[in-house]
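The following block contains the structure, expressed as structure tokens.
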Amino acid sequence: MTNIRTRFAPSPTGFLHVGGIRTALFAHLVARQAGGTFVLRFEDTDKKREVEGSAEHLIASLAATGISYDEGPDKGGDYGPYIQSQRLEIYQKWAHKLISAGRAYADPYSSAEVQAFREQAQANKKAFLYRDHRPENPPVWDGTQPLRFKSDPKAYTWHDEVMGDITTGPEVIDDLILIKSDGYPTYNFAHIVDDSEMKITHVIRGQEFISSMPNFLNLYDALGVSWPLFAHMPHIMNEQGNKKLGKRDGAKDVLDYIRDGYLPEALISFIATLGWNDGTTKEVFTHDDLVTGFSLARVQRSGARFDEKRLLWVNGHFIRELSLDDLYDKAHDFWPEQASKADDAFKKRVLQLVQDRLKTLADLPMMTTYFFEEPSIDMSLITNNKQLKKLDVQARNEYLQATYDCLAALPEWTAESIQAALNELLETTGQKPGVLFSLIRIATTWAQFSPQLNDTLELLGKDITLQRIKTAIDAR
RNA sequence: GGUCCCGUCGUCUAACGGUUAGGACACCAGGUUUUCAUCCUGGCAACCGGGGUUCGAUUCCCCGCGGGAUCACCA
């Protein structure tokens, strides 16, 4: 174990979308590759925004995507509690240190008064700075007023592991609120206290915090806490690329992707390469690849768009890479209802035939139902088929009858013997495979598409194949 | 508007002063004696603009332009 400690600190206000998962993943990878520790912490200091059940949901999302952590609300650890609302005394203690050092004071104004200051500044076309209104003799803090930080405005230059060196002037530093009038700390204050107490070495979070960095730095200094390493992730943008991906514009819950048949490993590979690559032409990464190859230095500085088409390709890729047994395990919840009575061996063979065709596990029903129940006849498949629409009913039935006779005579029912019989049929009828095979395929599956014909018939079995051909002949 | 960040094919990206600017997704065409998919082959397609620095700039600097983030008793 090294002393590298990273954390993921979401607030339990909803679900986790790909942006959140990526931040968690990167923090997790930094810890894992260094043999360090990854901690989960809930930042629930805004009770108004808290969403019932979302803490559990967040934990489930991390579990589902294989992002493991070593310390957290449900795991414990040496630096708990890992829920901010249970750490209120700790913030009080640090707040009082600041007060006695003369670096924090009670805010005597009402929020309406502060708002008035703000509007006044706006009217004068000046940036609003609370410290321009810093009271000369603030009241003693009794916990009912907000507690403000007495900032020490100055220029800062700091290094960001992703963004590089950043410099700002004193004009962006202000007296921000440390503890709200409801007794809860703000993010600004609490995360610094917690990261310090929890010995966090790398603060990895979204880019939206960069603009607050000078204020944070000023607070670190006043608190006498040494700066950790910082890494701010570029945003994942929406599909139009015009703003950061948010829940408002269709950002999906990662658990929904799992429900929709995406493999966790595909999701992880895709999300990792949204803003990161290893410098080679490698396109997909396993978790192990990422643990060894990931580096903050190679994270992109600009935002990346979320491209569903690429995710779909990555998912198909991972599905094809899976062994049949692994795929079978993962596909467990995705079979069509009609398959419930089928046995494992048969389902496995079906799965083997469609493995190359699956883009998501959820494609399974659409591709396999006719293996488990009698398909309903859909003549439009024939009448809309550009090869078959030219055949009249009589010709069609003659071909089907010839197929029936030929297959019925087969002593042995294997993919090879079926193929041999079909080839022979091609010769005796003088018909093109495009016509004959399409006809047989549709007559036996009534599906838009299906695996290779001989494999399909073999798996269907001789009896069902013959019976379906017969039914097709009788149909009109 | 102030502040900060960013700017290579439609999209994700490679390139760390010298390349016919590479790969992948998507798209298009062809092949693998049926469909769909896989797989293979080929194709289309990019350095935001203008100045510098340099023998030489996609790459370094400056100015524009464009995009994003942030300016809460939210995180």
Side-chain angles (χ1 to χ4, degrees), chain A residues 9-11 13 43-46 48-49 107 110-111 114-115 118 122 125-129 145-148 160 162-164 166-169 171-172 174 176-188 190-191 205-215 232 234-235 237 239 241-244 270 273-284 300-314 316-317 320 353-359 363 367 381 385 387-388 422-423 426 432-442 445 447-454 456:
Chain A
S11 53
T13 54
E43 311 216 320
D44 60 338
T45 56
D46 184 354
K48 296 183 295 294
R49 290 208 315 149
D107 177 351
S110 68
S111 30
V114 175
Q115 184 56 29
R118 186 174 289 124
Q122 225 157 35
K125 297 216 186 301
K126 278 177 56 189
F128 168 70
L129 245 25
Q145 317 97 322
L147 184 71
R148 292 249 177 201
D160 188 285
V162 171
M163 298 297 167
I166 301 175
T167 300
T168 55
E171 70 280 357
V172 298
D174 199 6
L176 23 85
I177 290 176
L178 267 16
I179 296 195
K180 298 178 276 184
S181 56
D182 66 0
Y184 284 94
T186 58
Y187 170 83
N188 307 325
H191 90 275
R205 85 238 292 188
Q207 207 184 33
E208 66 271 22
F209 291 104
I210 289 185
S211 52
S212 305
M213 276 297 291
N215 279 298
H232 289 86
H235 288 305
M237 310 297 279
E239 213 128 5
N242 59 4
K243 62 175 159 187
K244 79 169 183 180
F270 173 73
T273 54
L274 224 48
W276 172 85
N277 71 85
D278 70 351
T280 72
T281 56
K282 191 170 169 64
E283 303 287 346
V284 292
Q300 218 65 223
R301 290 184 186 181
S302 52
R305 290 188 209 191
F306 186 82
D307 179 6
E308 290 256 11
K309 287 243 182 75
R310 191 175 171 88
L311 205 212
L312 212 51
W313 171 76
V314 173
H317 175 87
R320 275 171 254 130
L353 288 188
V354 300
Q355 180 166 12
D356 282 351
R357 278 155 244 261
L358 293 173
K359 292 264 190 256
D363 292 338
M367 287 185 180
L381 285 172
N385 184 301
Q387 305 255 44
L388 299 181
L422 292 175
N423 287 341
L426 243 26
K432 292 182 301 192
V435 174
L436 192 63
F437 290 178
S438 291
L439 180 62
I440 302 171
R441 194 186 68 74
I442 291 171
T445 65
Q448 198 70 242
F449 45 82
S450 58
Q452 204 169 289
L453 184 56
N454 61 334
T456 306

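Lettering follows sequence order; numbering is per chain, from 1. Keep in mind the model is a prediction, meaning the values are calculated, not measured.
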Worksheet entry | Sequence-distant partners of A:N242, side-chain hydrogen bond (donor to acceptor under 3.5 Å, both in side chains), two or more places apart |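 Scan of A:N242 (side-chain hydrogen bond (donor to acceptor under 3.5 Å, both in side chains), adjacent residues dropped) gives A:N238.
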Practice prompt. Let me know the distance between CG of A:D44 and C1' of B:rC74, rounded to the nearest Å.
Written response: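 In whole Å, B:rC74 C1' and A:D44 CG are 13 Å from each other.
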Worksheet item: How is A:F209 classified with respect to the nucleic acid when contacts are heavy atoms under 4.0 Å: base, sugar-phosphate, or nothing?
Response: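 It contacts base atoms.
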Fill in: Minimum heavy-atom distance between A:M163 and A:Q207, given as atom pair plus value
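Answer, listing the atom of A:M163 first, then A:Q207: CE-NE2, 3.2 Å.
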Worksheet item: Backbone N or O of A:L176 within a donor-acceptor pair of the A:D174 side chain at under 3.5 Å?
Response: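 Answer holds: no.
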Discussion item. Give me the distance, rounded to whole Å, that separates B:rC48 from B:rU13 when you measure between the P atoms they each carry.
Written reply: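 Result for the P pair: 15 Å, nearest Å.
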Expected rows: protein N/O vs nucleotides 13-16 of chain B N/O, under 3.5 Å:
{"residue": "B:rU13", "atom": "OP1", "partner": "A:G275", "partner atom": "N", "Å": "3.0"}
{"residue": "B:rU13", "atom": "O3'", "partner": "A:N277", "partner atom": "ND2", "Å": "2.7"}
{"residue": "B:rU13", "atom": "O3'", "partner": "A:Q300", "partner atom": "NE2", "Å": "3.4"}
{"residue": "B:rA14", "atom": "OP1", "partner": "A:N277", "partner atom": "ND2", "Å": "2.9"}
{"residue": "B:rA14", "atom": "OP2", "partner": "A:Q300", "partner atom": "OE1", "Å": "3.2"}

Worksheet item: Got a sec, which residues hit side chain to side chain contact (heavy atoms under 4.5 Å, CB included) with A:D356, two or more places apart in sequence or on another chain?
Response: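 For A:D356 the side chain to side chain contact (heavy atoms under 4.5 Å, CB included) partners, ignoring immediate neighbours, are A:R320.
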Worksheet entry | Euclidean distance, A:Y184 OH relative to A:D44 CG, rounded to 0.5 Å |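 Reported to 0.5 Å precision, the distance equals 7.0 Å.
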Worksheet item: Partners of A:F306 by ring-ring contact (aromatic ring centres under 6.0 Å, His included), sequence neighbours excluded?
Response: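 Applying ring-ring contact (aromatic ring centres under 6.0 Å, His included) to A:F306 gives A:F270.
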Worksheet item: Under 4.0 Å between a side-chain N or O of A:K126 and OP1 or OP2 of B:rG1?
Response: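 For A:K126, the contact criterion (side-chain N or O under 4.0 Å from OP1 or OP2 of B:rG1) is not met.
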Worksheet item: For A:K432, what residues pass the side-chain hydrogen bond (donor to acceptor under 3.5 Å, both in side chains) criterion, not counting sequence neighbours?
Response: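 By the side-chain hydrogen bond (donor to acceptor under 3.5 Å, both in side chains) rule, A:K432 matches no residue at all.
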Worksheet item: By side-chain hydrogen bond (donor to acceptor under 3.5 Å, both in side chains), which residues pair with A:Q145, not counting sequence neighbours?
Response: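 For A:Q145, no residue satisfies side-chain hydrogen bond (donor to acceptor under 3.5 Å, both in side chains) once neighbours in sequence are set aside.
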Worksheet item: NA contact type, A:M237, heavy-atom cut-off 4.0 Å: base, sugar-phosphate, or nothing?
Response: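 Contact class for A:M237: sugar-phosphate only.
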Discussion item. Test of understanding: with ring-ring contact (aromatic ring centres under 6.0 Å, His included), list the residues that count as partners of A:H232, not counting sequence neighbours.
Written reply: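 For A:H232 there are no ring-ring contact (aromatic ring centres under 6.0 Å, His included) partners, ignoring immediate neighbours.
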Item to complete: Tell which nucleotide pairs with B:rG66, taking only Watson-Crick or G-U wobble pairs whose two distances are both under 3.5 angstrom.
Response: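 Pairing partner, where one exists within any strand: B:rC6.
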Pairs under 3.5 Å (N/O, protein and nucleotides 71-73 of chain B):
{"residue": "B:rA72", "atom": "OP2", "partner": "A:R118", "partner atom": "NE", "Å": "3.1"}
{"residue": "B:rC73", "atom": "O2", "partner": "A:S181", "partner atom": "N", "Å": "2.8"}
{"residue": "B:rC73", "atom": "O2", "partner": "A:S181", "partner atom": "OG", "Å": "2.8"}
{"residue": "B:rC73", "atom": "N3", "partner": "A:S181", "partner atom": "OG", "Å": "2.9"}

Discussion item. Does A:K244 reach a base, just sugar-phosphate, or nothing at all? Heavy atoms under 4.0 Å.
Written reply: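 Since only primed, P, OP1 and OP2 atoms lie under 4.0 Å of A:K244, the category is sugar-phosphate.
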Worksheet entry | Under 4.0 Å protein heavy-atom contact, by nucleotide of nucleotides 33-43 of chain B - B base, S sugar-phosphate only | BBBBBSS----
Fill in: Check: A:P433 and A:L426 side chains under 4.5 Å, non-hydrogen atoms
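Yes, at least one pair of side-chain atoms sits under 4.5 Å.
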Practice prompt. Can you figure out which of B:rC4, B:rU3, B:rA69 approaches the side chain of A:I166 most closely?
Written response: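 Out of B:rC4, B:rU3, B:rA69, the nucleotide with an atom closest to A:I166's side chain is B:rC4.
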Practice prompt. Output yes when at least one side-chain N/O atom of A:T45 is less than 4.0 Å from OP1 or OP2 of B:rA75, else no.
Written response: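 True: A:T45 side-chain N/O within range (under 4.0 Å) of B:rA75 OP1/OP2.
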Practice prompt. Have a look at A:H235 and say if it touches a base, only the backbone sugar-phosphate, or nothing, with a 4.0 Å heavy-atom cut-off.
Written response: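 It contacts sugar-phosphate atoms only.
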Worksheet item: What distance separates A:T445 OG1 from A:L381 CG, expressed to the nearest 0.5 Å?
Response: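 So the OG1 of A:T445 and the CG of A:L381 are separated by 7.5 Å.
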Worksheet item: A:K243 NZ to B:rU70 P: how many Å, rounded?
Response: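 It is 12 Å, rounded to the nearest whole Å.
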Worksheet item: Residues in side chain to side chain contact (heavy atoms under 4.5 Å, CB included) with A:N454, at least two apart?
Response: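 In terms of side chain to side chain contact (heavy atoms under 4.5 Å, CB included), with neighbours along the sequence ignored, A:N454 is linked to A:A415, A:I418, A:Q419, A:Q452.
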Worksheet item: Got a salt bridge between A:K48 and A:D46, using NZ or NE/NH1/NH2 to carboxylate O under 4.0 Å?
Response: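 Salt bridge flag = yes for A:D46 with A:K48.
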Discussion item. Mind checking if A:E283 touches a base, just sugar-phosphate, or nothing, with heavy atoms under 4.0 Å?
Written reply: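 Since a base atom lies under 4.0 Å of A:E283, the category is base.
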Which atoms of nucleotides 57-59 of chain B (N or O only) lie under 3.5 Å from a protein N or O atom, and what are those distances?
none

Worksheet entry | Those residues that, when tested against A:Y187, pass side-chain hydrogen bond (donor to acceptor under 3.5 Å, both in side chains) (two or more places apart) |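 A:Y187 satisfies side-chain hydrogen bond (donor to acceptor under 3.5 Å, both in side chains) with A:R205 once adjacent residues are dropped.
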